[in-house]
Amino acid sequence: MKVAYYPGCALHATAKEYDDSCQLVFKELGVKLQEIPGWICCGATPAHLTSHLLGVALPCKNLILADEMGLDTVIAPCAACFNRLKVADQEVKEDLELKKDVEKVLGRPYSGRVEIKHPLEIIVQDIGLEKVRKMVRRELEGLRVASYYGCLLVRPPEAVGFDDPEDPQSLDNLVTTLGGEALPWAFKTECCGASFSLSETDIVFQLSGEILNEALEAGAECIVVACPLCQSNLDLRQKAIEKRYRKRINLPVLYFSQLLGLALGMNMRELGLLKHMVDPTKLLEKTLA
Amino acid sequence: MKYAIASEKVRRTFAKQIEKISGERISLCYQCGKCSAGCPVAYAMDYLPSQITRFAQLGMVEKLMQSSTIWICASCKTCSVRCPRGIELAKIMDAFRILAKRRGIVPKGQIAPLFDGIFLGSIEKYGRLHEMGLISKLNIASGRPFKDLSLLPIMLRKGKIRFVPEKVNSPREVRNLIRKVEELESK
Ligand code: SF4
Ligand code: SF4
(Lines give C-alpha, C1' and ligand atoms only; values in the text may rest on other atoms or scores of the structure.)
(Ligands and ions follow the chains in the order given, each with its own letter.)
Protein backbone atom coordinates (compact mmCIF):
# COMPACT_ATOMS: atom_id res chain seq x y z
CA MET A 1 0.00 0.00 0.00
CA LYS A 2 1.34 3.39 -0.98
CA VAL A 3 -0.17 6.71 0.04
CA ALA A 4 0.67 10.38 -0.38
CA TYR A 5 1.90 12.03 2.79
CA TYR A 6 1.05 15.58 3.82
CA PRO A 7 3.07 16.38 6.95
CA GLY A 8 2.06 20.03 7.28
CA CYS A 9 4.11 22.79 8.90
CA ALA A 10 3.95 21.60 12.51
CA LEU A 11 5.40 18.18 11.75
CA HIS A 12 8.43 19.84 10.23
CA ALA A 13 8.98 21.98 13.32
CA THR A 14 7.49 21.70 16.81
CA ALA A 15 6.09 18.24 16.16
CA LYS A 16 9.10 16.62 14.49
CA GLU A 17 8.63 13.58 16.72
CA TYR A 18 5.12 13.05 15.33
CA ASP A 19 6.56 13.04 11.81
CA ASP A 20 9.39 10.66 12.76
CA SER A 21 7.17 8.24 14.66
CA CYS A 22 4.54 8.15 11.89
CA GLN A 23 7.19 7.40 9.26
CA LEU A 24 8.70 4.61 11.37
CA VAL A 25 5.41 3.03 12.32
CA PHE A 26 3.98 3.01 8.81
CA LYS A 27 7.15 1.51 7.40
CA GLU A 28 6.82 -1.31 9.91
CA LEU A 29 3.14 -1.74 9.04
CA GLY A 30 4.01 -2.03 5.36
CA VAL A 31 2.53 1.27 4.21
CA LYS A 32 4.73 3.40 2.00
CA LEU A 33 4.40 7.12 2.70
CA GLN A 34 5.39 9.36 -0.16
CA GLU A 35 5.69 13.01 0.83
CA ILE A 36 3.91 15.38 -1.55
CA PRO A 37 6.68 17.24 -3.38
CA GLY A 38 6.44 21.00 -2.90
CA TRP A 39 3.48 20.86 -0.50
CA ILE A 40 2.44 24.20 0.94
CA CYS A 41 0.79 25.26 4.19
CA CYS A 42 -2.92 24.39 4.31
CA GLY A 43 -3.62 27.88 5.65
CA ALA A 44 -4.73 26.49 9.00
CA THR A 45 -7.16 28.66 10.97
CA PRO A 46 -5.86 32.08 9.83
CA ALA A 47 -6.74 31.42 6.18
CA HIS A 48 -10.37 30.42 6.73
CA LEU A 49 -10.79 33.30 9.19
CA THR A 50 -9.59 35.79 6.62
CA SER A 51 -10.98 34.62 3.30
CA HIS A 52 -13.27 31.70 2.64
CA LEU A 53 -11.83 31.19 -0.84
CA LEU A 54 -8.24 31.23 0.40
CA GLY A 55 -9.10 28.76 3.15
CA VAL A 56 -10.35 26.35 0.50
CA ALA A 57 -7.82 27.05 -2.27
CA LEU A 58 -4.73 26.28 -0.17
CA PRO A 59 -5.81 22.74 0.80
CA CYS A 60 -7.05 22.08 -2.75
CA LYS A 61 -3.65 23.03 -4.14
CA ASN A 62 -2.10 20.27 -2.04
CA LEU A 63 -4.76 17.78 -3.03
CA ILE A 64 -4.05 18.52 -6.69
CA LEU A 65 -0.34 17.91 -6.05
CA ALA A 66 -1.23 14.57 -4.44
CA ASP A 67 -3.41 13.68 -7.41
CA GLU A 68 -0.55 14.44 -9.77
CA MET A 69 1.54 11.86 -7.94
CA GLY A 70 -0.91 9.28 -9.23
CA LEU A 71 -1.94 8.21 -5.75
CA ASP A 72 -5.54 7.85 -4.60
CA THR A 73 -5.11 8.51 -0.88
CA VAL A 74 -3.39 11.20 1.13
CA ILE A 75 -2.79 11.00 4.84
CA ALA A 76 -2.45 14.02 7.10
CA PRO A 77 -1.39 13.28 10.70
CA CYS A 78 -2.02 16.84 11.91
CA ALA A 79 -5.70 16.94 12.86
CA ALA A 80 -5.89 20.61 11.88
CA CYS A 81 -4.50 19.96 8.37
CA PHE A 82 -6.66 16.86 8.09
CA ASN A 83 -9.70 18.94 8.92
CA ARG A 84 -8.87 21.69 6.41
CA LEU A 85 -8.24 19.17 3.63
CA LYS A 86 -11.51 17.38 4.38
CA VAL A 87 -13.62 20.52 4.69
CA ALA A 88 -12.16 22.07 1.52
CA ASP A 89 -12.77 18.90 -0.47
CA GLN A 90 -16.35 18.65 0.75
CA GLU A 91 -17.15 22.30 0.09
CA VAL A 92 -15.74 22.26 -3.42
CA LYS A 93 -17.70 19.12 -4.21
CA GLU A 94 -20.95 20.65 -2.97
CA ASP A 95 -20.59 24.14 -4.40
CA LEU A 96 -19.95 24.40 -8.13
CA GLU A 97 -19.39 28.14 -8.02
CA LEU A 98 -16.76 27.76 -5.34
CA LYS A 99 -15.14 25.01 -7.38
CA LYS A 100 -14.92 27.32 -10.37
CA ASP A 101 -13.30 30.04 -8.29
CA VAL A 102 -10.81 27.60 -6.78
CA GLU A 103 -9.86 26.33 -10.23
CA LYS A 104 -9.46 29.91 -11.45
CA VAL A 105 -7.13 30.68 -8.56
CA LEU A 106 -5.10 27.49 -8.98
CA GLY A 107 -5.14 27.50 -12.77
CA ARG A 108 -5.86 23.78 -12.76
CA PRO A 109 -8.90 21.53 -12.61
CA TYR A 110 -9.82 19.91 -9.31
CA SER A 111 -10.65 16.27 -9.80
CA GLY A 112 -11.64 15.40 -6.24
CA ARG A 113 -10.26 11.91 -6.77
CA VAL A 114 -7.90 11.83 -3.82
CA GLU A 115 -9.27 10.44 -0.60
CA ILE A 116 -8.13 12.18 2.58
CA LYS A 117 -7.47 10.06 5.63
CA HIS A 118 -6.05 10.46 9.06
CA PRO A 119 -3.33 7.88 9.83
CA LEU A 120 -5.51 6.52 12.63
CA GLU A 121 -8.11 5.54 10.05
CA ILE A 122 -5.51 3.61 8.07
CA ILE A 123 -4.42 1.78 11.20
CA VAL A 124 -7.82 1.09 12.71
CA GLN A 125 -9.83 0.50 9.52
CA ASP A 126 -7.57 -0.36 6.58
CA ILE A 127 -4.90 -2.38 8.32
CA GLY A 128 -7.14 -3.39 11.19
CA LEU A 129 -6.42 -3.78 14.88
CA GLU A 130 -6.41 -7.56 14.56
CA LYS A 131 -3.32 -7.38 12.40
CA VAL A 132 -1.74 -4.75 14.64
CA ARG A 133 -2.28 -7.00 17.65
CA LYS A 134 -0.32 -9.78 15.96
CA MET A 135 2.58 -7.43 15.36
CA VAL A 136 2.89 -6.23 18.96
CA ARG A 137 6.27 -7.21 20.38
CA ARG A 138 5.89 -5.76 23.85
CA GLU A 139 2.64 -4.90 25.52
CA LEU A 140 2.05 -1.60 27.25
CA GLU A 141 1.13 -3.63 30.29
CA GLY A 142 -1.75 -1.90 32.05
CA LEU A 143 -0.63 1.61 31.12
CA ARG A 144 -3.52 3.88 32.11
CA VAL A 145 -4.20 6.15 29.17
CA ALA A 146 -6.66 8.98 28.62
CA SER A 147 -7.36 9.14 24.88
CA TYR A 148 -7.78 12.73 23.83
CA TYR A 149 -9.21 13.40 20.36
CA GLY A 150 -9.78 17.15 20.51
CA CYS A 151 -11.93 19.05 18.04
CA LEU A 152 -10.68 18.84 14.52
CA LEU A 153 -10.33 15.10 14.14
CA VAL A 154 -14.02 14.52 14.78
CA ARG A 155 -15.89 17.74 13.91
CA PRO A 156 -17.95 18.37 11.92
CA PRO A 157 -18.84 14.74 11.25
CA GLU A 158 -20.45 15.55 7.85
CA ALA A 159 -17.07 16.66 6.53
CA VAL A 160 -14.53 14.53 8.38
CA GLY A 161 -16.55 11.33 8.72
CA PHE A 162 -14.26 10.16 11.48
CA ASP A 163 -15.65 8.10 14.35
CA ASP A 164 -18.35 9.43 16.70
CA PRO A 165 -18.15 13.20 17.26
CA GLU A 166 -19.11 13.06 20.95
CA ASP A 167 -17.67 9.75 22.13
CA PRO A 168 -15.06 8.48 19.65
CA GLN A 169 -13.37 5.12 20.22
CA SER A 170 -10.53 4.67 17.70
CA LEU A 171 -7.71 5.81 19.98
CA ASP A 172 -9.18 3.88 22.90
CA ASN A 173 -9.36 0.72 20.83
CA LEU A 174 -5.78 1.16 19.69
CA VAL A 175 -4.61 1.63 23.29
CA THR A 176 -6.43 -1.54 24.36
CA THR A 177 -4.95 -3.46 21.45
CA LEU A 178 -1.49 -2.47 22.61
CA GLY A 179 -2.18 -3.79 26.11
CA GLY A 180 -2.93 -0.46 27.76
CA GLU A 181 -5.98 0.50 29.72
CA ALA A 182 -8.17 3.07 27.93
CA LEU A 183 -9.88 5.07 30.64
CA PRO A 184 -13.44 6.28 30.33
CA TRP A 185 -13.54 10.05 30.77
CA ALA A 186 -15.68 12.96 29.68
CA PHE A 187 -13.18 15.30 28.05
CA LYS A 188 -12.25 13.32 24.92
CA THR A 189 -13.45 15.97 22.51
CA GLU A 190 -13.25 19.15 24.56
CA CYS A 191 -11.25 21.98 23.01
CA CYS A 192 -7.63 22.56 24.18
CA GLY A 193 -7.58 26.15 22.95
CA ALA A 194 -6.10 25.05 19.64
CA SER A 195 -4.48 27.82 17.66
CA PHE A 196 -4.68 30.28 20.57
CA SER A 197 -1.41 28.90 21.91
CA LEU A 198 0.47 32.04 20.94
CA SER A 199 -2.26 34.68 20.77
CA GLU A 200 -4.72 34.04 23.60
CA THR A 201 -2.55 31.90 25.81
CA ASP A 202 -4.76 32.45 28.87
CA ILE A 203 -7.58 30.63 27.12
CA VAL A 204 -5.22 27.72 26.49
CA PHE A 205 -4.21 27.67 30.16
CA GLN A 206 -7.86 27.49 31.14
CA LEU A 207 -9.07 24.89 28.62
CA SER A 208 -6.00 22.68 28.58
CA GLY A 209 -5.84 22.96 32.36
CA GLU A 210 -9.34 21.53 32.64
CA ILE A 211 -8.45 18.67 30.30
CA LEU A 212 -5.30 17.80 32.25
CA ASN A 213 -7.15 17.94 35.55
CA GLU A 214 -9.93 15.76 34.26
CA ALA A 215 -7.43 13.19 32.93
CA LEU A 216 -5.68 13.12 36.29
CA GLU A 217 -8.95 12.59 38.08
CA ALA A 218 -9.82 9.74 35.74
CA GLY A 219 -6.62 8.10 36.95
CA ALA A 220 -4.52 8.58 33.83
CA GLU A 221 -0.75 8.11 33.80
CA CYS A 222 -0.48 9.74 30.40
CA ILE A 223 -2.57 11.25 27.61
CA VAL A 224 -2.47 10.04 24.03
CA VAL A 225 -3.20 12.48 21.21
CA ALA A 226 -3.42 12.63 17.42
CA CYS A 227 -2.77 16.32 16.80
CA PRO A 228 0.32 18.50 17.17
CA LEU A 229 -1.68 21.49 18.42
CA CYS A 230 -3.25 19.43 21.21
CA GLN A 231 0.12 17.93 22.07
CA SER A 232 1.80 21.28 22.30
CA ASN A 233 -0.95 22.91 24.35
CA LEU A 234 -1.09 20.06 26.84
CA ASP A 235 2.65 19.41 27.04
CA LEU A 236 4.49 22.66 26.38
CA ARG A 237 2.03 24.68 28.44
CA GLN A 238 1.75 22.17 31.27
CA LYS A 239 4.36 23.80 33.50
CA ALA A 240 2.59 27.14 33.36
CA ILE A 241 -0.73 25.40 34.01
CA GLU A 242 0.74 23.66 37.07
CA LYS A 243 1.79 27.05 38.38
CA ARG A 244 -1.62 28.52 37.78
CA TYR A 245 -3.48 25.67 39.47
CA ARG A 246 -0.76 25.36 42.13
CA LYS A 247 -0.82 21.66 41.56
CA ARG A 248 1.58 19.05 40.28
CA ILE A 249 0.16 17.44 37.15
CA ASN A 250 3.13 15.75 35.51
CA LEU A 251 1.17 13.95 32.80
CA PRO A 252 3.18 12.97 29.72
CA VAL A 253 1.38 13.69 26.45
CA LEU A 254 2.24 11.20 23.71
CA TYR A 255 1.33 10.73 20.10
CA PHE A 256 -0.53 7.52 19.30
CA SER A 257 2.22 6.77 16.78
CA GLN A 258 4.79 6.83 19.57
CA LEU A 259 2.82 4.39 21.74
CA LEU A 260 2.29 2.13 18.75
CA GLY A 261 5.97 2.34 17.85
CA LEU A 262 6.96 1.32 21.36
CA ALA A 263 4.67 -1.67 21.23
CA LEU A 264 6.12 -2.62 17.85
CA GLY A 265 9.57 -2.72 19.46
CA MET A 266 11.06 0.64 18.51
CA ASN A 267 13.12 2.60 21.00
CA MET A 268 12.23 5.83 22.72
CA ARG A 269 14.90 7.92 21.10
CA GLU A 270 13.98 7.10 17.53
CA LEU A 271 10.31 7.74 18.35
CA GLY A 272 11.21 11.20 19.63
CA LEU A 273 10.01 10.46 23.15
CA LEU A 274 12.90 12.48 24.54
CA LYS A 275 11.59 15.60 22.87
CA HIS A 276 8.58 16.19 25.06
CA MET A 277 8.57 18.77 27.83
CA VAL A 278 6.98 16.44 30.37
CA ASP A 279 9.40 13.54 30.43
CA PRO A 280 7.62 10.23 29.71
CA THR A 281 10.69 7.98 29.89
CA LYS A 282 10.40 6.86 33.52
CA LEU A 283 6.76 5.94 33.13
CA LEU A 284 7.40 4.06 29.90
CA GLU A 285 10.45 2.22 31.21
CA LYS A 286 8.35 1.02 34.12
CA THR A 287 5.54 -0.05 31.78
CA LEU A 288 7.75 -1.91 29.35
CA ALA A 289 9.94 -3.57 31.98
CA MET B 1 -30.30 47.86 28.02
CA LYS B 2 -31.74 49.39 24.88
CA TYR B 3 -30.67 48.16 21.51
CA ALA B 4 -31.15 49.85 18.19
CA ILE B 5 -32.50 47.32 15.72
CA ALA B 6 -31.46 47.88 12.15
CA SER B 7 -33.79 48.44 9.24
CA GLU B 8 -35.22 45.54 7.28
CA LYS B 9 -32.85 46.35 4.42
CA VAL B 10 -29.72 46.33 6.55
CA ARG B 11 -30.80 43.05 8.12
CA ARG B 12 -31.44 41.38 4.79
CA THR B 13 -28.19 42.55 3.26
CA PHE B 14 -26.20 41.34 6.23
CA ALA B 15 -27.91 37.95 6.30
CA LYS B 16 -27.17 37.58 2.58
CA GLN B 17 -23.51 38.45 3.03
CA ILE B 18 -23.21 35.86 5.77
CA GLU B 19 -24.92 33.25 3.66
CA LYS B 20 -22.71 33.98 0.67
CA ILE B 21 -19.53 33.37 2.68
CA SER B 22 -20.65 30.56 4.97
CA GLY B 23 -23.50 28.90 3.14
CA GLU B 24 -25.45 29.14 6.41
CA ARG B 25 -28.68 30.97 7.23
CA ILE B 26 -28.81 32.90 10.48
CA SER B 27 -32.61 33.17 10.19
CA LEU B 28 -32.86 29.49 11.14
CA CYS B 29 -31.67 30.15 14.68
CA TYR B 30 -34.48 29.95 17.24
CA GLN B 31 -32.37 31.02 20.19
CA CYS B 32 -32.36 27.77 22.12
CA GLY B 33 -28.92 28.53 23.57
CA LYS B 34 -27.46 25.08 23.04
CA CYS B 35 -24.45 26.54 21.22
CA SER B 36 -23.70 28.79 24.18
CA ALA B 37 -24.11 25.96 26.66
CA GLY B 38 -21.47 23.86 24.96
CA CYS B 39 -19.07 26.62 23.95
CA PRO B 40 -15.77 26.12 25.77
CA VAL B 41 -14.78 29.78 25.44
CA ALA B 42 -18.13 31.25 26.53
CA TYR B 43 -16.68 32.06 29.96
CA ALA B 44 -14.34 34.61 28.38
CA MET B 45 -16.77 36.16 25.89
CA ASP B 46 -18.64 39.41 26.44
CA TYR B 47 -21.69 38.03 24.60
CA LEU B 48 -22.67 34.39 24.26
CA PRO B 49 -22.57 32.81 20.79
CA SER B 50 -26.40 32.65 20.71
CA GLN B 51 -26.60 36.36 21.57
CA ILE B 52 -24.29 37.05 18.67
CA THR B 53 -26.58 35.18 16.26
CA ARG B 54 -29.46 37.25 17.62
CA PHE B 55 -27.50 40.46 16.96
CA ALA B 56 -26.93 39.18 13.45
CA GLN B 57 -30.64 38.50 12.94
CA LEU B 58 -31.41 42.01 14.12
CA GLY B 59 -28.76 43.53 11.87
CA MET B 60 -26.74 44.91 14.77
CA VAL B 61 -23.59 44.58 12.78
CA GLU B 62 -21.35 47.08 14.54
CA LYS B 63 -22.15 45.68 17.97
CA LEU B 64 -21.45 42.17 16.83
CA MET B 65 -18.13 43.06 15.24
CA GLN B 66 -17.01 45.00 18.30
CA SER B 67 -17.74 42.05 20.59
CA SER B 68 -14.90 39.93 21.92
CA THR B 69 -16.96 36.86 21.06
CA ILE B 70 -16.26 36.62 17.37
CA TRP B 71 -12.52 37.17 17.91
CA ILE B 72 -11.96 34.64 20.65
CA CYS B 73 -14.14 31.90 19.20
CA ALA B 74 -11.67 29.01 18.98
CA SER B 75 -13.23 27.45 15.86
CA CYS B 76 -13.74 24.25 17.85
CA LYS B 77 -17.02 23.51 16.05
CA THR B 78 -18.80 22.16 19.11
CA CYS B 79 -21.71 24.50 18.37
CA SER B 80 -21.90 23.25 14.78
CA VAL B 81 -22.31 19.66 15.92
CA ARG B 82 -24.96 20.40 18.53
CA CYS B 83 -27.25 22.98 16.95
CA PRO B 84 -30.74 21.44 16.70
CA ARG B 85 -31.43 23.63 13.66
CA GLY B 86 -28.45 22.24 11.78
CA ILE B 87 -26.68 25.58 11.64
CA GLU B 88 -22.92 25.39 11.35
CA LEU B 89 -22.37 28.29 13.68
CA ALA B 90 -18.59 27.94 13.52
CA LYS B 91 -18.80 28.79 9.82
CA ILE B 92 -20.95 31.81 10.61
CA MET B 93 -18.35 32.93 13.16
CA ASP B 94 -15.77 32.69 10.35
CA ALA B 95 -17.98 34.85 8.17
CA PHE B 96 -18.33 37.51 10.90
CA ARG B 97 -14.57 37.76 11.18
CA ILE B 98 -14.06 37.84 7.44
CA LEU B 99 -16.58 40.65 7.05
CA ALA B 100 -15.20 42.59 10.01
CA LYS B 101 -11.66 42.34 8.62
CA ARG B 102 -12.93 43.50 5.23
CA ARG B 103 -14.55 46.52 6.82
CA GLY B 104 -11.45 47.22 8.84
CA ILE B 105 -13.31 46.75 12.12
CA VAL B 106 -10.94 44.97 14.43
CA PRO B 107 -11.39 46.02 18.05
CA LYS B 108 -8.25 47.22 19.81
CA GLY B 109 -6.56 44.64 21.98
CA GLN B 110 -7.73 41.61 20.00
CA ILE B 111 -4.63 39.57 19.35
CA ALA B 112 -6.09 36.72 17.28
CA PRO B 113 -6.55 38.86 14.15
CA LEU B 114 -2.94 40.06 14.43
CA PHE B 115 -1.92 36.42 14.60
CA ASP B 116 -3.92 35.63 11.46
CA GLY B 117 -2.28 38.42 9.48
CA ILE B 118 1.28 37.55 10.52
CA PHE B 119 0.67 33.84 9.93
CA LEU B 120 -0.56 34.48 6.40
CA GLY B 121 2.37 36.83 5.78
CA SER B 122 4.70 34.00 6.69
CA ILE B 123 3.20 31.49 4.30
CA GLU B 124 2.99 34.13 1.60
CA LYS B 125 6.73 34.56 1.90
CA TYR B 126 7.93 30.99 2.37
CA GLY B 127 5.05 28.76 1.34
CA ARG B 128 5.16 27.23 4.80
CA LEU B 129 4.91 28.61 8.30
CA HIS B 130 8.05 29.87 9.99
CA GLU B 131 7.15 29.67 13.67
CA MET B 132 10.08 31.61 15.05
CA GLY B 133 9.26 34.53 12.78
CA LEU B 134 5.58 34.30 13.68
CA ILE B 135 6.27 34.36 17.41
CA SER B 136 8.67 37.28 17.34
CA LYS B 137 6.51 39.38 15.03
CA LEU B 138 3.35 38.63 17.02
CA ASN B 139 5.04 39.49 20.31
CA ILE B 140 6.14 42.84 18.95
CA ALA B 141 2.81 43.63 17.31
CA SER B 142 0.88 42.76 20.47
CA GLY B 143 3.22 44.69 22.77
CA ARG B 144 4.44 41.61 24.66
CA PRO B 145 8.05 41.40 23.45
CA PHE B 146 9.22 38.89 26.06
CA LYS B 147 6.28 36.50 25.97
CA ASP B 148 7.36 32.85 25.93
CA LEU B 149 11.01 33.85 25.74
CA SER B 150 11.80 31.49 28.61
CA LEU B 151 10.67 28.53 26.50
CA LEU B 152 13.06 29.34 23.68
CA PRO B 153 16.27 27.65 24.95
CA ILE B 154 14.60 24.32 25.65
CA MET B 155 12.72 24.37 22.34
CA LEU B 156 15.94 25.03 20.47
CA ARG B 157 17.70 22.31 22.41
CA LYS B 158 14.97 19.81 21.60
CA GLY B 159 15.02 20.82 17.95
CA LYS B 160 11.41 22.01 18.06
CA ILE B 161 11.95 25.41 16.59
CA ARG B 162 14.34 26.81 14.03
CA PHE B 163 15.84 30.18 13.23
CA VAL B 164 16.03 29.52 9.51
CA PRO B 165 12.68 29.21 7.73
CA GLU B 166 11.86 26.15 5.64
CA LYS B 167 10.98 27.30 2.16
CA VAL B 168 9.22 25.57 -0.69
CA ASN B 169 10.98 25.66 -4.04
CA SER B 170 8.62 28.16 -5.52
CA PRO B 171 7.24 30.32 -2.73
CA ARG B 172 6.18 32.85 -5.32
CA GLU B 173 3.43 30.44 -6.27
CA VAL B 174 1.75 30.95 -2.90
CA ARG B 175 2.06 34.71 -3.24
CA ASN B 176 0.40 34.55 -6.66
CA LEU B 177 -2.31 32.32 -5.28
CA ILE B 178 -3.09 34.84 -2.54
CA ARG B 179 -3.10 37.71 -5.07
CA LYS B 180 -5.53 35.85 -7.29
CA VAL B 181 -7.86 35.21 -4.37
CA GLU B 182 -7.81 38.90 -3.51
CA GLU B 183 -8.48 39.83 -7.12
CA LEU B 184 -11.46 37.50 -7.41
CA GLU B 185 -12.90 38.64 -4.09
CA SER B 186 -12.65 42.33 -4.90
CA LYS B 187 -14.87 41.84 -7.93
S1 SF4 C 1 -27.84 26.08 18.98
FE2 SF4 C 1 -28.49 26.77 16.91
S3 SF4 C 1 -30.66 27.32 17.14
FE4 SF4 C 1 -29.83 27.15 19.22
S5 SF4 C 1 -29.22 29.26 19.73
FE6 SF4 C 1 -27.40 28.27 18.88
S7 SF4 C 1 -27.43 28.74 16.69
FE8 SF4 C 1 -29.48 29.19 17.49
S1 SF4 D 1 -16.77 27.23 17.36
FE2 SF4 D 1 -16.55 29.13 18.54
S3 SF4 D 1 -18.62 29.66 19.15
FE4 SF4 D 1 -18.69 27.54 18.48
S5 SF4 D 1 -18.44 26.38 20.38
FE6 SF4 D 1 -16.41 26.63 19.49
S7 SF4 D 1 -15.54 28.47 20.43
FE8 SF4 D 1 -17.78 28.48 20.82
Side-chain angles (χ1 to χ4, degrees), chain A residues 8-10 12-17 37-41 43-55 57-58 61 83 91 94-95 101 104-107 150-152 154-158 165-166 189-191 193-196 198-203 206-207 210 236 274-277, chain B residues 21-23 40-41 43-44 72 74-78 80-81 88 90 93-95 97-98 101 111-120 122-123 126-131 134-135 138-139 142 147-148 151 154-155 158-162 166 168-171 173-174 177-178 180-182 184-185:
Chain A
C9 303
H12 274 204
T14 46
K16 189 78 188 66
E17 65 275 16
W39 61 266
I40 57 171
C41 174
T45 322
H48 74 83
L49 297 187
T50 305
S51 150
H52 180 237
L53 180 56
L54 182 63
L58 289 166
K61 164 86 189 174
N83 194 285
E91 288 192 355
E94 285 176 358
D95 183 343
D101 283 348
K104 243 185 248 163
V105 168
L106 301 178
C151 309
L152 299 173
V154 294
R155 286 192 290 263
E158 299 80 14
E166 300 281 5
T189 61
E190 287 294 318
C191 177
S195 58
F196 284 157
L198 299 172
S199 53
E200 295 285 351
T201 316
D202 274 344
I203 292 181
Q206 177 70 27
L207 302 189
E210 285 171 18
L236 184 67
L274 310 183
K275 281 181 177 261
H276 298 318
M277 298 294 151
Chain B
I21 295 173
S22 66
V41 196
Y43 79 94
I72 59 173
S75 304
C76 77
K77 311 188 186 192
T78 307
S80 297
V81 175
E88 279 208 43
M93 288 286 180
D94 284 5
R97 284 178 276 216
I98 291 169
K101 282 179 191 170
I111 298 167
L114 293 176
F115 173 88
D116 296 346
I118 296 168
F119 186 108
L120 292 177
S122 182
I123 65 170
Y126 307 117
R128 292 178 191 166
L129 175 66
H130 179 227
E131 273 168 330
L134 168 69
I135 295 171
L138 180 68
N139 283 359
S142 60
K147 185 177 179 296
D148 293 332
L151 289 171
I154 187 158
M155 292 196 67
K158 300 214 174 214
K160 283 184 160 276
I161 197 157
R162 37 200 280 174
E166 177 175 294
V168 289
N169 289 335
S170 45
E173 229 181 303
V174 180
L177 189 159
I178 293 177
K180 275 193 200 148
V181 167
E182 285 168 350
L184 261 185
E185 283 184 333

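- In this structure, chain A has heavy atoms under 4.5 Å from both the backbone and the side chain of L177(B).
- The contact between T78(B) and chain A is made by backbone and side chain atoms together, counting heavy-atom distances below 4.5 Å.
- K147(B) contributes atom NZ, which lies 6.0 Å from atom CG of L198(A) (distance to the nearest 0.5 angstrom).
- Of the two parts of I98(B), the backbone and the side chain both hold a non-hydrogen atom closer than 4.5 Å to a non-hydrogen atom of chain A.
- The greatest number of non-hydrogen atom pairs below 4.5 Å with chain A, out of I21(B), I161(B), V174(B), is found for I21(B).
- S80(B) pairs by the side-chain hydrogen bond (donor to acceptor under 3.5 Å, both in side chains) definition with nothing, not counting sequence neighbours.
- Atom CZ of R155(A) sits about 5.0 Å away from atom SG of C76(B), to the nearest 0.5 Å.
- Between chain B and the options E158(A), H276(A), E190(A), heavy-atom pairs under 4.5 Å are most frequent for H276(A).
- S142(B) OG to I111(B) CD1: the interatomic distance, rounded to the nearest 0.5 Å, is 5.0 Å.
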| query | Are H48(A) and S75(B) close enough, and set up right, to give a side chain to side chain contact (heavy atoms under 4.5 Å, CB included), and what steps lead you there? | reply | CA-CA 10 Å; H48(A) 74 83; S75(B) 304; 4.0 Å; yes
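- One finds the CZ atom of R162(B) at 7.5 Å from the NE2 atom of H130(B) (value rounded to the nearest 0.5 Å).
- In summary, E88(B) and K77(B) do not engage in a salt bridge, as defined by a charged side-chain N under 4.0 Å from a carboxylate O.
- Residue contact with chain A, scored on non-hydrogen atoms closer than 4.5 Å, involves the backbone and the side chain of I72(B) alike.
- Residue contact with chain B, scored on non-hydrogen atoms closer than 4.5 Å, involves the side chain of E91(A) exclusively.
- With respect to chain B, the highest number of heavy-atom pairs below 4.5 Å among L49(A), I40(A), T45(A), L106(A) belongs to L49(A).
- Heavy-atom distances place no part of Y126(B) under 4.5 Å from chain A, backbone and side chain included.
- Per-residue counts of heavy-atom pairs under 4.5 Å with chain B were compared for L152(A), V154(A), L207(A); the largest is that of L207(A).
- For chain B, the nearby part of N83(A) is the side chain; its heavy atoms alone come within less than 4.5 Å.
- By the side-chain hydrogen bond (donor to acceptor under 3.5 Å, both in side chains) test, K16(A) is found to be paired with D20(A), residues two or more places apart in sequence or in another chain being considered.
- There is no contact between E182(B) and chain A, counting heavy-atom distances below 4.5 Å.
- Nearest heavy atom pair, residue P157(A) against residue V81(B), reads CD-CG2, 3.9 Å.
- For chain A, the nearby parts of L129(B) are the backbone and the side chain; heavy atoms of each come within less than 4.5 Å.
- The nearest pair of heavy atoms linking K160(B) to K275(A) is CE-O, 3.0 Å.
- K101(B) has a carboxylate O that lies under 4.0 Å from a charged side-chain N of D116(B), or vice versa, which qualifies the two as a salt bridge.
- Looking at D148(B), only its side chain comes within 4.5 Å of chain A, counting heavy atoms on both sides.
- With respect to chain B, the highest number of heavy-atom pairs below 4.5 Å among S51(A), G38(A), P165(A) belongs to S51(A).
- Most heavy-atom pairs under 4.5 Å with chain A, from the set K180(B), M93(B), R128(B), K158(B): that is R128(B).
- With a 4.5 angstrom heavy-atom cutoff, C9(A) touches chain B only via side-chain atoms.
- Atoms NZ and CD, from K61(A) and E173(B) in turn, are 3.5 Å apart once rounded to the nearest 0.5 Å.
- Among S199(A), C151(A), A47(A), the residue with the largest count of heavy-atom pairs under 4.5 Å with chain B is S199(A).
- Only the side chain of L134(B) comes within contact range of chain A, judged by heavy atoms closer than 4.5 Å.
- When heavy atoms are compared at a cutoff of 4.5 Å, E17(A) approaches chain B solely by way of its side chain, counted from C-beta outward.
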